[in-house]
Amino acid sequence: MIIIPMRKYGTILNSRQFGREAFLSAINIIDTNNDSDLSLDFSGVEILTPSFSDEFVAKLQDRYSGRVKIEKITSGAVAETLHETGILEKA
Amino acid sequence: MKIDFDHFPQYRDAIFVGNQIILDDVEFVDIWTVGQICARSIAIRSLPDRRISFPKTPAAHYVFRHLGFLTFLDRLGFDRGVLTNAGELPDPSNPDIDFFPIQYSERIDEFNGRLEGLLRMFEGFSMSNDDARLATQIVAELGNNVFDHNIGQWPDLTGSIVAGMNLRHRNTIEFIVLDAGIGFKASLRAVNPNLSDAEAIKLGLSGQTGRIAEDRGRGLKYVQSWTIDRFHGKLRIQSGTGCIQVDKRKTKDKDVESLPGVLASFLVTHKPQR
């Protein structure tokens, strides 16, 4: 299991541009690893906007279909975005 | 004159006179009205006969001073010589208002850098942690829309303006996000060429995206949902001559005098954390 601590990208995750950069960074880690499952650890992340989520979480779900787990959400606002955007239903 | 969202159209012509903004007789303004005044300030900032006259009443003067309106005008390049009544007045006895001063961010990285401060400010307004985070998330998403939908197309001043007020006695917070960009109608023109301003705003609120080949752009729908369902608040948006207010019960729209760009606000009543 590859665990990506989302807090490494910041506690406030906002904007499409930053989401795209984070996505590129993450796939370089994931694609050079032999593990097949992926966990996004949201502990400590306070804010996740739909714009960032579209470019990062949704694109990871598209690329690694069925392999992305969402874990340790500690902020109600982060949960709101993941729920509203349909990410949690796919995880 | 006590000017708020509902009364702004009635008083608009009394305070926007030619290329001048005359606030002498203003006794109270809400943050929506401050947003309108900021938008007008942007529009007149390079005109030769521009002038801005500050309120003479201490209560209204206090609001503009604590919102940093003078600093904002400095950033726009206003010469102090075109401002009148801008000197300090005595503070009113019990203003009962907290302020999030006007912040102009020319670029999105500048805007992003301010979100941490915004979050702590919401917490300072006695919001619970989760409410403060969700409120910050709303402002952040509104700001993203400003930069995403205007990229490469800014007709005038580039960037977003954010400001807010907390009316402590009512536990009511209203925040504005303003820009001088292309507005909803122009943003949606490529896929919907015949919309009115109000129709364009409603389409944006429904989650329709504005650009060809774009399968996204539903941020405003989530902003609306959070404002109404989580905070039982109101979302207000003006773009061009369209002005929409959405709350739990209904969507109201009205035709108003045109505003360049977009002025959006969310107004929430929160339970203070003890």
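Per chain, numbering begins at 1; letters A, B, ... match sequence-line order.
- Interface with chain A: from residues 99-111 of chain B, residues Ile108(B), Phe111(B) qualify, criterion being any non-hydrogen pair under 4.5 Å.
- With 3.5 Å as the limit, one finds no donor-acceptor pair spanning the side chains of Thr49(A) and Gln137(B).
- Here the side chains of Phe184(B) and Leu195(B) are not in contact, with every heavy-atom distance at 4.5 Å or above.
- Only the side chain of Ile12(A) comes within contact range of chain B, with at least one heavy atom under 4.5 Å from a heavy atom of that chain.
- Side-chain contact check for Phe175(B) versus Ile138(B): every heavy-atom pair is 4.5 Å or farther apart.
- Using a 4.5 Å cut-off between heavy atoms, Thr85(A) contacts chain B through both its backbone and its side chain.
- Scanning both residues, Ser51(A) and Glu141(B), for their nearest heavy atoms gives OG-OE2, 2.8 Å.
- Residues Val177(B) and Ile161(B) form no side-chain contact, since every pair of their non-hydrogen atoms from C-beta on lies 4.5 Å or further apart.
- Two rings, from Phe56(A) and Tyr9(A), have their centers less than 6.0 Å apart.
- Ion pairing between Lys202(B) and Asp197(B) fails under the 4.0 Å rule for side-chain N and carboxylate O.
- Most heavy-atom pairs under 4.5 Å with chain B, from the set Ile47(A), Val78(A), Leu48(A), Thr11(A): that is Ile47(A).
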